[in-house]
Protein chains: 2
Amino acid sequence: MGEHLLRCDSCAVRHRSVCGALTRPEIERLNAIAHTKNLPPGHIILRDNEKPGYFANIISGVVKLTKSLGDGRQQIVGLQFASDFLGRPFRDFSPYHAESVTEVQLCTFEKTQFERLTKDFRDLEHRLFEHTLDELDAAQEWMLLLGRKSAEEKVASFLLMVARRMQSVGCKHSGGPTRFDLPLARAEIADFLGLTIETVSRQFTRLKVDKYISLEGSRTIIVLDMERLRALSERSDG
Amino acid sequence: MGEHLLRCDSCAVRHRSVCGALTRPEIERLNAIAHTKNLPPGHIILRDNEKPGYFANIISGVVKLTKSLGDGRQQIVGLQFASDFLGRPFRDFSPYHAESVTEVQLCTFEKTQFERLTKDFRDLEHRLFEHTLDELDAAQEWMLLLGRKSAEEKVASFLLMVARRMQSVGCKHSGGPTRFDLPLARAEIADFLGLTIETVSRQFTRLKVDKYISLEGSRTIIVLDMERLRALSERSDG
DNA sequence: TTCGTTTGTTGATCTTCATCAACGTCCATG
DNA sequence: CATGGACGTTGATGAAGATCAACAAACGAA
């Protein structure tokens, strides 16, 4: 294996993703089984309860993980952003449905080849483990939201989460306006928060009226005071 | 290291817990750092946001993991039963509060000693990983419940979950009555389901009136028809 | 036993959010 | 330019569950 440049060397998420732990020879072997894939919004990546064919790193874009009840009620159980890892290692069937919500660029690895690599490279498995712990933290934080927060707190929490994960432009440490685009439509936000479309819409106008945010179109959010929004999201005070 | 008997050899959860993967010499080293601990109900095992001192396997009893908002609202984000592993490896601060809900017997391992062992024994880390994946599955399943199920469906789902995890006596494959004791009080069930005590109580009487279950005292449940209860828990039909 | 505390049940009422319905806006397409 | 569809907002009404309150049952301690 030589010193020539790999695709991985110019990868935007090289160090934040699970690949970050790999040594040069390791990254070369991983590079050899990697294929990038571009998906339009709404592309189904993984079907609930089906055998996944590949794993993937998200290079850019947003993917939603959903579960649903027999009668069509749906809940988003995870949102994955750039540098997140997609797929459940060591599981034969997907416990959720995965679908792109924006244009998405993936770096995919065929399932069995990738699993062989996790056996060979202990750091890779460890990194996957760490990532899974992060997902678990996020899931449990969201359980608190779903079980115990009001609609207003839910929407505020959602905006904070997206602002943080979208690495929005002009993200001051705190205070001062921050602008970013929502990756999700109202219906998806509702599925994420356990609310209806109408309630989400009403809460947006409420936040607007109360000067927490302002809107440009329906997708662009300007948070006027991040700290005040954070306070609202947990209502220790008002 | 000889062939003498270890405490682990007579452990009730030896093979279901994370220890199940270990070879003889490995289990001997683990045994050397293990201490059993008996806790009464209501004992605080881990405080939210504090440094944990030890990890533990649950040998018997039930432990609840909770998160709360500033104003006292609380949500149970995990329930751990016999053979479950307690504590977040590779994390310095606990993301939740952990407390025994019944009498609990733990097999504890001092944190740094145990982490050294996970470095030495790859299978141990792998087993922890698998356990974390199970926790994540459970958390996401519960997000669907919290976000999208009605109070009645929530309580039905809860009973099914407990019946499954408590390895209840007379657990026919399906159909036929099944009896078990609830490990949680009404207030804890409410915190688990994102409801109030009153609503939980009302749903219990509803299930009783509708002949899904019968009660002996407030803790002993007899599920009259498991399959019918399962149908109710997802209301694809009535 | 009796008292007091904790836990659970039930009823009356109120609040929040869902549901149903109408309408507006933005695009894509013929 | 009209037409239709997807998406978002707003209003009127209803239902599920929260809240407030009273009481019952279980249990431990004096």
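Chain identifiers are assigned alphabetically (A, B, ...) following the order of the sequence lines, protein sequences preceding nucleic acid strands; residue numbering begins at 1 within each chain.
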Exercise. Determine the interplanar angle of the A:Trp142 and A:Phe192 rings, folded into 0 to 90°, and report it as parallel if under 30°, tilted if 30 to 60°, perpendicular if over 60°.
Key: parallel
Quiz prompt | Contact check, side chains of B:Asn57 and B:Arg16, non-hydrogen atoms, under 4.5 Å | solution = no
Quiz prompt | Net bend of the helix from C:dT1-D:dA30 to C:dG30-D:dC1, end axes of five pairs each, nearest 10 degrees | solution = 30°
Quiz prompt | Neighbour count above 12 (heavy atom, 6.0 Å) for A:Arg7 CZ | solution = yes
Exercise. Measure from CD on B:Glu216 to C1' on D:dA26 and round the result to the nearest Å.
Key: 16 Å
Self-check item: Spacing of OH belonging to A:Tyr54 relative to CG belonging to A:Leu106, to within rounding of 0.5 Å
Solution: 6.0 Å
Exercise. Quick one: pull up OG1 in B:Thr102 and CD1 in B:Ile58 and give me the separation to the nearest 0.5 Å.
Key: 8.5 Å
Table of protein N/O atoms under 3.5 Å from nucleotides 25-27 of chain C N/O atoms:
none

Quiz prompt | Distance-minimising heavy-atom pair for A:Leu182 and A:Val162 | solution = CD2-CG1, 4.4 Å
Practice problem: Whole angstrom is fine here: how far is it from CG in B:Leu193 over to C1' in D:dA18? | Solution: 15 Å
Exercise. Start with the C-alpha distance between A:Arg202 and A:Glu152, add both sets of side-chain angles, then the distance that settles salt bridge (charged side-chain N to carboxylate O under 4.0 Å, His left out), and finish with yes or no.
Key: CA-CA 9 Å; A:Arg202 276 185 254 267; A:Glu152 188 177 42; over 6 Å; no
Self-check item: A:Asp92 side, atom CG; A:Glu50 side, atom CD - distance, nearest 0.5 Å
Solution: 13.5 Å
Quiz item: For B:Asp191 and C:dT7, what is the distance between atoms CG and P respectively, to the nearest whole Å?
Solution: 13 Å
Self-check item: Of the listed nucleotides C:dA18, D:dT19, D:dG17, the one nearest the side chain of B:Ser150
Solution: D:dG17
Self-check item: Whole angstrom value for the distance that separates C1' of D:dG17 from CD of B:Glu152
Solution: 13 Å
Quiz item: Separation of A:Leu146 atom CG from D:dG17 atom C1', in whole Å?
Solution: 17 Å
Exercise. Calculate the interatomic distance between A:Leu195 atom CG and D:dA15 atom P; express it in whole Å.
Key: 20 Å
Quiz item: Base, backbone or nothing for each nucleotide of nucleotides 7-13 of chain D, written B, S, -, heavy atoms under 4.0 angstrom, 5' to 3'?
Solution: -SBBBB-
Exercise. Whole angstrom is fine here: how far is it from CZ in B:Arg206 over to C1' in C:dT9?
Key: 16 Å
Quiz item: Taking atom CZ of A:Arg73 and atom CD of B:Glu234, what is their separation to the nearest 0.5 Å?
Solution: 9.5 Å
Quiz item: Could you go step by step and tell me if A:Lys211 and A:Asp225 meet the salt bridge (charged side-chain N to carboxylate O under 4.0 Å, His left out) rule?
Solution: CA-CA 9 Å; A:Lys211 303 274 189 251; A:Asp225 182 345; over 6 Å; no
Quiz item: Can you list the steps and then say if B:Lys67 with A:Asp137 is a salt bridge (charged side-chain N to carboxylate O under 4.0 Å, His left out)?
Solution: CA-CA 11 Å; B:Lys67 275 177 169 279; A:Asp137 279 344; over 6 Å; no
Quiz prompt | Separation of atom CD in B:Glu188 from atom P in C:dT6, rounded to whole Å | solution = 15 Å
